[in-house]
Structure formats: C-alpha cells, structure tokens
Amino acid sequence: MSETVKYEQQGNIALITVNNPPVNALSASVRQGLVDAFSRADQETAIEGVVLACEGRTFIAGADISEFGKPMQSPALPEVLAALNAMQKPTVAALHGTALGGGLETALSCHYRIALTSAAVGLPEVKLGLLPGSGGTQRLPRLIGADKALDLITSGRKAKAEEAAKMGLIDRLVEDKLETNAIAYARELAESQAELRRCQDMQVDTSSLPTGYFTDYKKGLAKKMRGFEAPLACVDTVEYACTLPFEQGLEKERELFLQLMNSTQSAAQRHLFFAERKAAVVDDLPKKTATREINKVAVIGAGTMGAGIAMCFSNAGIPVVMLELKQEALDRGLTSAHSYYADRKAKGRMSPEQADQAAARITGTLSYDDLGEVDLVIEAVFESMDIKHQVFRELDRVCKPGAILSTNTSTLNVDEIAAVTKRPEDVLGLHFFSPAQVMRLLEVVRGEKTSDEVLATAMQLAGRISKVGVVSGVCDGFIGNRMLKGYSREAGALLLEGATPPQIDKVMYDFGMAMGPMTMGDLAGLDVGYRVRQERRQRGDDIPPTEGAVADRLVELGRCGQKTGKGYYRYEEGSRKPIPDPEVEEVIAKTSAELGIQHREISDNEIIERLIYPLINEAALILEEGFAQRPSDIDIVWIYGYGFPVYRGGPMFYADTVGLDKVLDSIKTYQKHYGDAWKPAPLLEKLAAEGKKFADL
Ligand code: T1G
C-alpha cells in the first residue's frame with residue numbers, strides 16, 4: 001500500500017484513507033494507493049462495504065496541479081475511477097473541507113456521498129483553463145441535471161454542502177464524527193443490500209431544456225468569459241452527457257481535456273494559481289516572523305479611496321474609523337460606505353444583519369485624538385508631500401507605540417513620508433486600487449526602514465481582507481504604475497502617428513484587456529495625468545513634447561473624460577458607453593501637425609507590441625533593480641490591478657510565450673525609431689542571449 005493511502009478493516013467495512021498534505025491532491029502515489037486499496041477491498045470476502053475518506057484539513061482537493069505539463073505517471077485518474085466504479089460493494093465518499101476537481105469526480109464515482117455540513121464541493125478546473133477530465137462532466141449532469149451541472153462546471157464555484165445536498169449531489173449530511181457516521185452509513189447500505197447506484201447508469205433529464213439551450217448558453221458565456229477557451233468546451237461536454245452514451249461522452253471529455261491541458265491558456269492559468277500563492281512569500285523574511293494584532297483600523301481621508309478602503313476592513317469584520325477635517329467631507333464618506341451596504345442588502349448580496357453590522361463597523365471622527373487605540377492607520381489624502389507630512393506628524397503624535405502607519409500613495413516616496421516620524425520602522429505603503437472594495441490587488445510597499453514584523457503583518461492582513469498582497473520596493477510608481485508609464489506613453493504616441501482611439505482600444509480589448517488605454521484614461525480622468533505632467537514640467541523633468549500631447553490638448557478643451565461627458569470619446573448623459581467623436585480626430589491631427597509628425601497606417605500587431613513590450617522591458621528593470629521579488633509577482637500585479645488577460649498569464653508569462661529573443665528584437669527596432677525610451681533592459685538582453693525565460697529566474 002502507498003505511504004499516502006491507508007487501508008483499515010472496520011468490521012465488515014474497509015476504511016480507505018488518503019493522507020497527502022496539504023490538500024490530499026491526487027498525486028501519482030495517491031492514485032496507485034487507491035487502485036491497490038480498491039482491488040483489495042473488492043477481493044476480501046469479509047468486506048461488504050467501503051468508505052473513502054481523507055485525513056487533514058480537506059477531502060481530495062483535486063488532481064496534483066504541480067504534476068501538469070509533465071509526463072503523466074500511471075495509473076491516470078480515469079483508470080483509478082474505473083476501478084472504483086467496478087466495485088461490487090457499496091462505496092461511500094466521506095467529504096470534509098473542500099472536495100474539488102478530481103476529488104469530487106472521485107466522490108461521484110462512489111455509489112453514495114456523506115458530508116459534514118461545513119464541507120463544500122466544486123469543479124474549479126475551468127479556473128485552470130481546463131474542464132473536469134475524469135468523468136465529472138458526464139456523471140454530474142446525470143446526477144443533478146444539466147443546468148445545475150453547467151452552473152457548477154462553467155463557474156468553477158464552490159457549493160456549500162447544504163446546497164449540494166439539495167441538488168442531490170450529497171446523500172447524507174452530518175454535523176461531526178464524519179468517519180464514524182460514514183462507516184455506519186456503509187454498513188447500513190451493505191446490510192440493506194442497497195442499490196449500487198452509479199451516476200453513469202442515470203439519464204440526464206433534458207425535458208425542461210429549451211431548444212438551442214446549449215448554443216444560447218455558449219453565447220452568454222462567450223460574452224461573460226470573453227477570450228477564454230475552457231468555459232465553452234465545458235458546455236460542449238455537458239451537451240455530450242445529454243446526447244451521447246456515457247462511454248462516448250467520456251471519450252469526448254478526455255479529448256477536450258487533453259486539448260486544453262496542452263493549451264497556452266491553461267498553462268497561463270496554472271502559472272497564476274501558483275504565482276498567487278508564491279506572492280504571499282517574502283523571500284528574505286524568516287517563516288516565523290512575528291506579526292501584530294490588527295483589531296481596529298483608522299483611515300485618514302473619506303474620499304472615494306478612503307471609503308473604499310474602509311469597506312475592505314469592515315467586510316473582513318474589522319471596525320474602522322474614518323477621519324476628515326470637515327464634517328461635510330466626513331458625512332460624504334460615511335454616506336458612500338453606508339449606501340454601499342444598503343445596496344448590497346437591497347440586492348440580496350448580503351443578509352440584512354450582515355449589511356447593517358458592516359455599515360455599523362464604519363464610524364467617523366474629526367479629531368486625531370480619537371486615534372490613540374487603533375492598530376493600523378491608512379492615509380488616503382490628496383497626493384501632495386506637504387499634506388502627507390502634516391498627516392504623518394499628527395499620527396506620530398497620537399498613535400500608540402506599535403501602531404502601523406501606512407500610506408495609500410501611488411506616486412510619492414514612502415521613505416520621505418516615513419522620515420517625518422520618529423518610528424519609520426512602523427511605516428510602509430499599502431497601495432490599494434480603485435475601486436478599493438472591488439480590486440483584489442494590494443501593493444505592499446516596503447520602505448527602507450520598514451521592520452520585518454510590520455511587513456509580515458501587512459502581508460498576512462492582505463489575505464484577511466481578501467486582497468492579493470504583492471511586495472514592492474520604493475521606486476517611482478512602485479511596480480504597476482511604473483510599468484504603466486511606458487504603456488500610456490506609447491498609446492499617446494500611436495495617436496500622433498495615425499492610430500485612432502477606437503482602433504487602439506479595440507486592439508487591446510481583443511487582446512483581452514478589460515478595456516483599452518483611451519477608455520481607461522477617460523474613466524480615470526485625463527486631468528489626473530495632465531496635473532502630474534504639469535508638476536513634472538515645473539519640477540524641470542525632461543518630458544518629450546509628444547508625451548501626453550493629445551491628452552493635454554483635450555484637457556485644455558475641458559475634455560477630462562467621463563466626468564466631463566467627453567474626453568477621447570464623448571458620452572451620453574448617464575451612459576458610460578464611449579462614442580467616437582470627430583472633434584478628437586481634429587485635435588489629434590492638429591497636434592501631430594504642430595509636432596511635425598506624419599500620420600501613417602498602423603497595424604494591430606504594432607499596437608500590441610508598442611503597448612505591451614514597454615511593460616515587459618520596464619518589468620525587467622524593476623526585477624534587476626530589486627523592486628520586485630520575482631517575475632510572477634509582476635504578473636499578479638497586472639492581472640489583479642490592471643485587467644491584464646488572465647488567459648495570457650500576465651506580461652512576464654506572455655513574454656515567455658512570445659519568446660524573449662523576439663520581444664528583444666522588436667524593442668531594438670523601436671529603439672532605432674523612437675530613441676532610448678526603448679532602451680532594452682540588460683536583464684532582458686541577458687536572458688534572450690542565453691535562450692532563457694523569465695520563468696527560469
Ligand atoms: N495540486 C497541487 N497543489 C495544490 C493543489 C492541487 N490541486 N491545491 C492546493 N495546492 C497547494 C497550494 O499550492 C499551497 O501550496 C497549498 O496546497 C495550500 O493551498 C482531473 C484535472 C484547496 C481551496 O483547482 O482551490 O482536478 O503554497 O494556499 O487557501 O478533473 O488550494 O503552501 O506550497 O490555496 O486553504 C482542481 C485548487 C485541480 C483546487 C485550499 N482543483 N486548490 O485553499 O490553501 S484540476 C483545484 C484550491 C483537476 C481533474 C482536474 C485551494 C484550496 P503552498 P492554498 P487554501
């Protein structure tokens with residue numbers, strides 16, 4: 001028997017237990033152990049029933065993702081499940097924790113399922129760019145119906161045990177003593193000679209499915225999951241379950257599964273699965289670094305960001321006090337937070353109790369002297385160093401020793417802010433992304449003097465408020481915004497050379513970005529960039545005349561974007577739909593002429609290269625300067641902070657799929673035309689020369 005699967009005889013019941021921490025993934029050793037255990041239980045005459053259970057925190061949470069992309073060791077999971085299916089004695093799967101993917105497929109291959117009420121089940125393969133490849137798409141629809149199965153398989157969501165029981169997926173629920181109850185259940189089934197109920201012997205009830213059901217479902221998904229291949233394949237497999245005999249459906253499922261397994265999209269999504277978990281690790285922080293308790297938080301500034309940040313903490317059950325200088329500003333912030341919860345309540349997204357409690361957790365004050373007991377402060381006031389200094393001097397005066405003082409600045413130097421306090425070791429940046437209560441990214445900006453304890457506390461806190469924390473060093477724009485500069489610069493330059501806002505936005509939208517740079521500019525407000533460029537020009541920074549040239553002209557014409565009803569596009573009253581505006585093309589043509597730039601045909605591929613390759617090049621500089629720990633962190637920043645397409649894995653993974661030599665060649669070509677703004681990063685040149693990838697770092 002393998003070291004990860006245990007076989008015990010409990011009277012007339014065989015108890016087969018998987019023990020493969022941390023999540024009992026179906027590694028090669030587990031698969032072999034299960035095959036051996038099933039055949040032993042089938043052969044032993046004293047055995048009349050079988051229970052399959054797991055030790056540790058969860059039932060099998062799926063196939064071992066770390067084995068993907070490598071040669072598959074036999075037995076493959078379908079063989080394991082075929083052996084389980086062939087059992088001539090009642091089998092009961094005992095579920096606790098999260099029975100996911102291949103784990104749920106294993107449970108579906110048992111005759112009966114019992115679960116703790118605290119358990120959850122799901123088929124999240126679609127989140128890895130895959131589909132359930134071991135019978136899940138054929139057995140689940142037969143057990144719970146096509147529509148419920150489609151929902152679980154295409155969303156990849158988890159269903160709590162009670163909901164799963166209502167669907168008929170789980171046969172018995174227990175509060176505790178799962179193993180004992182499971183053995184009793186198996187014994188009851190054996191002694192009552194209960195039917196050996198196999199999902200594959202069931203028929204999917206398609207009587208209630210309207211004509212064209214699957215086609216329409218795919219159309220809806222193609223919109224909702226734009227660009228993803230796996231969700232559409234999932235629908236095809238469920239349709240096979242409704243139209244083909246089980247074995248044929250199984251073959252089709254496997255075919256599509258292997259296609260997806262070998263796809264770049266799935267490789268990208270598997271990369272992100274591990275990248276997200278890796279981001280939580282700070283390489284030079286000892287594992288056991290102490291952390292501080294965070295039970296009460298203060299937010300300075302109750303504007304859009306401040307209120308959004310306050311909601312993040314309240315959603316995690318942490319009371320928050322917002323501070324403002326004037327009552328009306330405070331009232332505005334409290335109102336926006338409280339109406340957010342009222343809206344959640346009205347839409348049934350939160351129960352009335354939950355919504356009322358969350359709203360009540362957000363309070364306000366006009367006095368710094370009320371902040372003496374908070375464990376963490378997040379400053380979210382106007383981006384001016386003078387104002388930041390005033391705020392941090394006040395915080396240094398009133399906050400208790402050990403309180404963490406953080407800034408939500410996206411552009412200013414965190415070390416300069418920390419330097420006005422007597423406790424720079426307790427200061428760091430916590431850079432949230434707008435809207436803060438929605439965007440999952442949190443750039444945790446490690447200052448020169450930030451202590452290990454403060455950094456460890458911040459990284460732990462990120463998970464607690466459902467954010468993905470990524471460590472950044474202190475440099476201009478940290479990781480995300482620093483890379484964005486090249487992207488925005490080139491978007492502006494492409495306009496001057498003849499590309500139009502709709503053309504650029506369509507290319508980037510089709511590339512998979514949540515929205516194109518011009519629409520994004522109009523959403524954020526073109527005046528934000530205008531003010532930053534004005535400040536930089538006053539500071540004497542050498543800004544090329546082309547940089548932001550069109551945006552500056554538009555702002556000077558009062559076209560600041562959605563907030564003024566027109567920017568790169570015009571917007572109807574109350575609509576966010578961008579409408580191309582000939583006046584903008586006139587402004588562009590006039591600006592190009594003033595700068596002596598000829599318009600020309602610009603290919604879609606050039607637009608992609610000139611917007612994405614600066615991201616890659618700047619990221620290589622960020623890595624070699626040590627402002628980011630690893631390339632995969634940068635992918636997480638752009639996926640969770642800037643709407644980079646998930647199925648492309650982030651800018652670094654994408655660069656590796658294109659090939660660093662090809663990326664470098666193009667960058668060098670643009671350098672010849674546009675100068676040293678395109679100077680290749682030494683790290684990129686080195687990796688390309690060595691035929692290596694960012695993934696090799
Ligand atoms: N394979 C390998 N490692 C896994 C794993 C898996 N399936 N699931 C988790 N880990 C590692 C993870 O990398 C981390 O490692 C540690 O376990 C704890 O995870 C044929 C093909 C189960 C809900 O997609 O959703 O089955 O960072 O930090 O927050 O049809 O992990 O500590 O070194 O996430 O408590 C389908 C994926 C696979 C489930 C637990 N299954 N896992 O969450 O802990 S495809 C999944 C999760 C499949 C079949 C197909 C979550 C979790 P480290 P964690 P958590």
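Note that the numbering runs from 1 along the sequence shown for the chain. Both ligands and their constituent atoms are indexed starting at 1 by order of listing.
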Check: Which one holds for L128 and ligand 1: side chain close, backbone close, both close, or neither close, with close meaning a heavy atom under 4.0 Å?
Finding: side chain
Check: Is there side-chain contact between F478 and V637, with heavy atoms separated by less than 4.5 Å?
Finding: no
Margin query: Can you confirm, on distance only, whether ligand 1 has an N/O atom lying under 3.5 Å from any N/O atom belonging to G62?
Written below: no
Next item on the list: Please identify which atoms of ligand 1 are closer than 4.0 Å to at least one heavy atom of F257.
Entry: 21 (C)
Next item on the list: Provide, to 0.1 Å, the distance between atom 1 (N) of ligand 1 and the closest protein heavy atom, together with that atom's residue and name.
Entry: I65 N, 2.9 Å
Note to self: Pairing donors with acceptors under 3.5 angstrom, does anything connect the side chains of S266 and Q269?
What the structure shows: no
Check: What part of V23, side chain, backbone, both or neither, has a heavy atom within less than 4.0 angstrom of ligand 1?
Finding: side chain
Check: With no hydrogens and no angle check, is any side-chain donor or acceptor of E443 less than 3.5 Å from a backbone partner on G480?
Finding: yes
Notebook entry, point to check: Is there at least one protein heavy-atom neighbour under 4.0 Å from atom 35 (O) of ligand 1?
Noted result: yes
Check: Nearest protein heavy-atom contact for atom 37 (C) of ligand 1: which residue, which atom, what distance?
Finding: F273 CE1, 3.5 Å
Note to self: My question is simple, although I want it checked carefully: is atom 8 (N) of ligand 1 less than 4.0 angstrom from any protein heavy atom?
What the structure shows: yes
Notebook entry, point to check: Do M483 and W638 touch side chain to side chain, with heavy atoms closer than 4.5 Å?
Noted result: yes
Check: Which residue owns the protein heavy atom closest to atom 25 (O) of ligand 1, what's the atom, and how far is it?
Finding: L100 CD1, 4.0 Å
Next item on the list: Verify, without hydrogens or angle tests, whether T289 (side chain) and L285 (backbone) share a donor-acceptor contact under 3.5 angstrom.
Entry: no
Checklist line | Heavy-atom proximity to atom 17 (O) of ligand 1, best of G156, P22, S266 | finding: P22
Notebook entry, point to check: Within 4.0 Å of atom 53 (P) of ligand 1 (strictly less), any protein heavy atom?
Noted result: no
Next item on the list: May I have the step-by-step check of side-chain hydrogen bond (donor to acceptor under 3.5 Å, both in side chains) for E353 and S351, ending in yes or no?
Entry: CA-CA 5 Å; E353 298 74 42; S351 71; 3.3 Å; yes
Notebook entry, point to check: Does ligand 1 have an atom under 4.0 Å from some heavy atom of G136?
Noted result: no
Note to self: Give me the residue, atom name and distance of the protein heavy atom closest to atom 43 (O) of ligand 1.
What the structure shows: R277 NH2, 5.0 Å
Item checked: Proximity of F511 and Y654 rings by center, below 6.0 Å -> yes
Next item on the list: Measure from NZ or CZ of R277 to the centre of the six-membered ring of F273 and say whether it is under 6.0 Å with the direction within 45° of the ring axis.
Entry: yes
Notebook entry, point to check: Out of E105, R57, E253, who gets a non-hydrogen atom closest to atom 18 (C) of ligand 1?
Noted result: R57
Margin query: Against the six-membered ring of Y640, is R440 placed for a cation-pi contact (under 6.0 Å from the centre, within 45° of the normal)?
Written below: yes
Check: Any donor-acceptor pair under 3.5 Å linking the side chain of R630 with the backbone of L623?
Finding: no
Notebook entry, point to check: Atoms of ligand 1 less than 4.0 Å from P132 heavy atoms?
Noted result: 30 (O)
Next item on the list: Looking only at protein heavy atoms, identify the closest one to atom 2 (C) of ligand 1 and say how far it is in Å.
Entry: D64 OD1, 3.3 Å
Item checked: ligand 1 contact on A63 by region, counting heavy-atom pairs under 4.0 Å -> both
Note to self: Would R172 pass as a cation-pi partner of Y112, given that its NZ or CZ must be under 6.0 Å from the six-membered ring centre and within 45 degrees of the axis?
What the structure shows: no
Check: Is I318 close to K296 at the side-chain level, that is, under 4.5 Å between some pair of heavy atoms?
Finding: no
Next item on the list: If a pair satisfies salt bridge (charged side-chain N to carboxylate O under 4.0 Å, His left out) and one of its residues is in residues 51-67, list it, with sequence neighbours excluded.
Entry: K6-E55, R31-E67
Notebook entry, point to check: Backbone or side chain, does any N or O of S66 fall under 3.5 Å from an N or O of ligand 1?
Noted result: no
Next item on the list: Give the numbers and elements of all ligand 1 atoms closer than 4.0 Å to a heavy atom of P124.
Entry: 24 (O), 41 (N), 46 (C)
Check: Going by the order shown, which atoms of ligand 1 are within less than 4.0 Å of some heavy atom of F274?
Finding: 13 (O)
Check: Backbone or side chain, does any N or O of K158 fall under 3.5 Å from an N or O of ligand 1?
Finding: no
Check: For ligand 1, which part of K278 has a heavy atom less than 4.0 Å away: the side chain, the backbone, both, or neither?
Finding: neither
Note to self: Closer than 4.0 angstrom, basic N to acidic O: yes or no for K278 and D633?
What the structure shows: no
Next item on the list: Return the residue, atom name and 0.1 Å-rounded distance of the protein heavy atom closest to atom 22 (C) of ligand 1.
Entry: A61 CB, 3.6 Å
Item checked: Test item: L196 and Q88 side chains (from C-beta on) under 4.5 Å apart, heavy atoms -> yes
Next item on the list: Please state whether M261 comes within less than 4.0 angstrom of ligand 1, counting heavy atoms only.
Entry: no
Note to self: I need the atoms of ligand 1 closer than 4.0 Å to a non-hydrogen atom of G102, numbered in the order shown.
What the structure shows: 26 (O), 48 (C), 49 (C)
Note to self: Checking the N or O distance criterion of under 3.5 Å, is ligand 1 in contact with G133?
What the structure shows: yes
Next item on the list: Enumerate the atoms of ligand 1 whose separation from the nearest heavy atom of S134 is less than 4.0 angstrom.
Entry: 20 (C)
Check: Is it true that F433 and H431 have ring centroids separated by less than 6.0 Å?
Finding: yes
